[in-house]
Amino acid sequence: MLLRDDSDTIAALSTSPGECGIAIIRISGKNALGVADRVFRTAAGGKPSELPSHSLNYGWVVEASGQAVDEAMLGIMKAPRSYTREDVVEINCHGGVISSRRILDLLLQNGCRPAEPGEFTKRAFLNGRIDLSQAEAVMNVIGARTEAALRSGVMHLKGGLSARIMPLRAELLDLLAELEAAIDFPEEEAYGGVTESAPACLEKAIEGIRFLIETSRCGIPLSEGASVAICGRPNTGKSSLLNALLKRERSIVTHIAGTTRDTVEEDTDIKGIPVRLIDTAGIKKPQDAAERKAVLRSRRYMDSADAVLLLFDGGRKLEADDRSLIRRLSRKKNVLAVVNKCDLRLRAETGLLEKTFGEYVSVSAKKGLNLGLLEEKIAGRIFKGGAPEGGEVFISSRRHLDLLRRAERHLCAARASFIDGLSPELAAQDIKDALAGVDSILGLDFSGDVLKRIFGRFCIGK
Ligand SMILES: Nc1nc2c(ncn2[C@@H]2O[C@H](COP(=O)(O)OP(=O)(O)OP(=O)(O)O)[C@@H](O)[C@H]2O)c(=O)[nH]1
Ligand SMILES: [Mg+2]
């Protein structure tokens, strides 16, 4: 699908379909200006192909019969100074559903073909304007749901990941070259030299890769978001806490135990992380079929959420149901114990919580006390401790993470081969495999399959 002819001139609606102020229809390819000549009449006279690059021109989109379709501005960006590095023409028309569809149809009748999802960005990559990690970052920038996620996406878009990886790759290439020379000429002195210096060089590369892998603890939640379930016995204030974190009355709160039956889910921003908060039904011995289902559902979320806020009523002593929840979740690292109702006299045995979970946070959902600290602790649980110092570029894609882990394994194997005095050919092969992984992050060695997977996620027109 994605390996269609890259020399075609493509066109697509780049803004979202539907009624809006302006719609932009983008054309890219060697025939883009020729098509524009056929469908656009500038008010000032002159053909679009004769207008200067990087200019915006007022005029009309017209059919072959001379019938006007819409009033528009025509943007011209001639190759190679364009998004795709090809000739790009953008028609800014009125954002009506029919008008943009008619213009697109007119372009298709005049020699364009409809662009595939992500095909403009794919061309920017194939034409060497950006590397593959930057192309993927376009999607992260478009899909960013918080400011922090946007900053991380922009850092990748600016080539931050390549800047980290390229020096590492260059060192590995140097080592490989030396090693291959030594394998070909084993009698030379160089042979001993490279086998001696290689483990330290590999160690450095492994450290660099491990550093990047560590950053994924922040990068992946920032790009994918995280789920946080609020769990606990009935009446501990779970729904009140959901409302307090959302800063609006989303869940029903009453003094009656068992108020929440079904889960209530809402998206919010916690310390820059796009978080889905889930208010669950209180865990208790179910009295009827609906309660049984509600408790089952709560338990499922308790097991599957990225982080769990285990809520306790600070104004009461811990009950048997609290204690069984503590036992059940005692081994899970993503659980944060929260003692609610800190505005009341403390009666809950917080020593047990500290002993079991290492720490707890006291809050009052009702009075809005300590919620800032709670948000920080939630972020800490999602980030599993936070990013390593000095990390500005976060690994935010599972594809990158997987390739880095693979590269790390191969480099460790190569280092072991040297230390164990095994044949250097084995080490060379491992270094090549590690390099192949690093290369496919940047798309230096890409296969049709990788491309298909990446660009298939894009929207049409991007
Ligand atoms: N004093 C005090 N009362 C609170 C606080 N948070 C919640 N409450 C009260 O505790 C009661 C239960 O609150 P909910 O938020 O409905 O509790 P819940 O855990 O969702 O209860 P279920 O849905 O029944 O499981 C209500 O009367 C709240 O007003 C708090 O911080 N301080
Ligand atoms: Mg509730």
Side-chain angles (χ1 to χ4, degrees), residues 227-268 270 275-305 307-329 332 334-350 352-354 357 359-378 381:
S227 55
V228 175
I230 310 176
C231 303
R233 223 175 27 76
N235 246 352
T236 47
K238 299 178 295 298
S239 303
S240 305
L241 185 61
L242 175 96
N243 293 345
L245 289 170
L246 294 176
K247 299 182 189 72
R248 67 190 170 93
E249 298 297 309
R250 172 66 180 85
S251 262
I252 297 172
V253 169
T254 75
H255 64 282
I256 303 160
T259 301
T260 307
R261 284 267 177 111
D262 216 344
T263 46
V264 176
E265 305 190 14
E266 278 296 323
D267 292 333
T268 188
I270 290 188
V275 164
R276 170 151 296 186
L277 275 178
I278 305 142
D279 175 22
T280 65
I283 303 274
K284 60 175 203 160
K285 216 187 207 109
Q287 302 297 323
D288 56 38
E291 279 189 3
R292 196 168 309 121
K293 285 198 170 172
V295 169
L296 252 176
R297 185 166 286 191
S298 299
R299 289 194 191 282
R300 258 210 309 275
Y301 275 103
M302 217 148 58
D303 293 335
S304 64
V308 174
L309 304 184
L310 188 54
L311 225 62
F312 300 94
D313 182 339
R316 300 166 71 108
K317 287 189 175 299
L318 296 177
E319 297 186 4
D321 282 343
D322 288 316
R323 290 176 190 275
S324 80
L325 274 174
I326 294 172
R327 270 196 305 279
R328 184 162 184 239
L329 297 179
K332 295 188 72 175
N334 63 343
V335 174
L336 177 63
V338 181
V339 177
N340 188 29
K341 311 194 187 181
C342 73
D343 52 305
L344 303 178
R345 194 165 77 84
L346 178 69
R347 301 191 61 199
E349 298 85 337
T350 50
L352 176 64
L353 300 179
E354 211 162 1
F357 299 108
E359 63 172 348
Y360 69 90
V361 190
S362 282
V363 300
S364 169
K366 196 169 173 178
K367 309 262 176 194
L369 301 176
N370 265 353
L371 296 179
L373 175 69
L374 177 65
E375 291 196 355
E376 257 168 49
K377 298 281 180 190
I378 295 172
R381 283 295 187 285

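In each ligand, atom 1 is the first atom listed, and ligand 1 is the first ligand listed. Bear in mind that the values here come from a model prediction, so they are computed numbers and not experimental data.
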**Study point:** Under 3.5 Å donor-acceptor, K238 side chain and R233 backbone
**Key:** yes
Check your understanding: Is there side-chain contact between L336 and L374, with at least one heavy-atom pair below 4.5 Å?
Key -> yes
Review point. Considering only the protein, which heavy-atom contact is closest to atom 8 (N) of ligand 1, and what is its distance?
Key: K341 CE, 3.7 Å
**Study point:** Option of least heavy-atom distance to atom 17 (O) of ligand 1 (set: G314, C342, S240, G237)
**Key:** G237
Practice item. Using atom types as modelled and distance alone, determine if a side-chain donor or acceptor of K341 lies under 3.5 Å from a backbone N or O of R316. Key: no
Exercise for review: Give the single entry among K366, R261, K284 that approaches atom 3 (N) of ligand 1 most closely by any heavy atom.
Suggested key: K366
Review point. Which residue and non-hydrogen atom of the protein lie closest to atom 24 (O) of ligand 1, and at what distance in Å?
Key: G258 N, 2.6 Å
Exercise for review: Say whether, by atom type as modelled, one donor and one acceptor occur between the side chain of N370 and the main chain of S362 under 3.5 angstrom.
Suggested key: yes
Review point. Where's the contact between I256 and ligand 1, heavy-atom distance under 4.0 Å: side chain, backbone, both or neither?
Key: backbone
Exercise for review: Find all atoms of ligand 1 within a distance of less than 4.0 Å from any non-hydrogen atom belonging to K238, and give their numbers and elements.
Suggested key: 15 (O), 17 (O), 18 (P), 19 (O), 20 (O), 21 (O), 22 (P), 25 (O)
Review point. Does the N or O separation between V253 and ligand 1 drop below 3.5 Å for any pair?
Key: no
Point to revise | Proximal atoms of ligand 1 relative to S364 (non-hydrogen, under 4.0 Å) | key: 30 (C), 31 (O), 32 (N)
Review point. Counting only N and O atoms by type, is there a donor-acceptor contact under 3.5 Å from the side chain of E265 to the main-chain atoms of R276?
Key: no
Point to revise | Atoms of ligand 1 close to H255 [distance to a heavy atom under 4.0 angstrom, numbered from 1] | key: 27 (O)
Review point. Does an N or O from S239, backbone or side chain, lie closer than 3.5 Å to an N or O of ligand 1?
Key: yes
Revision key, fill the gap. For atom 21 (O) of ligand 1, the closest protein heavy atom turns out to be N235 N, 3.0 Å
Study note, to complete from the structure: The atoms of ligand 1 lying under 4.0 Å from a heavy atom of L344, numbered in the order shown, are 1 (N)
Check your understanding: Does the side chain of L242 come within less than 4.5 Å of L277's, by heavy atoms?
Key -> yes
**Study point:** Side chain proximity check, I326 to F312, heavy atoms < 4.5 angstrom
**Key:** yes
Point to revise | Heavy atom of the protein closest to atom 6 (N) of ligand 1 (residue, atom name, distance) | key: N340 ND2, 3.1 Å
**Study point:** Any donor-acceptor pair under 3.5 Å from D279 side chain to I230 backbone
**Key:** no
Check your understanding: Does some side-chain heavy atom of K332 sit less than 4.5 Å from a side-chain heavy atom of D303?
Key -> yes
Check your understanding: Short question: side chain of R261, backbone of A281 - any donor-acceptor pair under 3.5 Å?
Key -> no
Point to revise | Residue T260, metal the Mg ion (ligand 2), N/O/S under 2.8 Å | key: yes
Check your understanding: Which atoms of ligand 1 have any heavy atom of G282 under 4.0 Å away?
Key -> 25 (O)
Review point. Does ligand 1 have a heavy atom under 4.0 Å from the side chain of T254, from its backbone, from both, or from neither?
Key: backbone
Exercise for review: Report yes if some heavy atom in the side chain of R299 is under 4.5 Å from a heavy atom in the side chain of I283; otherwise report no.
Suggested key: yes
Practice item. Look at the N, O or S atoms of S239, main chain and side chain alike, and state whether any lies under 2.8 Å from the Mg ion (ligand 2). Key: yes
Exercise for review: For the pair S298 (side chain) and A294 (backbone), establish whether a donor and an acceptor sit closer than 3.5 Å, ignoring hydrogens and angles.
Suggested key: yes
Check your understanding: At a 4.0 Å threshold, what atoms of ligand 1 neighbour a non-hydrogen atom of P234?
Key -> 25 (O)
Revision key, fill the gap. Looking only at non-hydrogen atoms, the one of I252, D343, T259, L369 nearest atom 32 (N) of ligand 1 is D343
Check your understanding: Which atoms from ligand 1 have a heavy atom of A257 less than 4.0 Å away?
Key -> 24 (O)
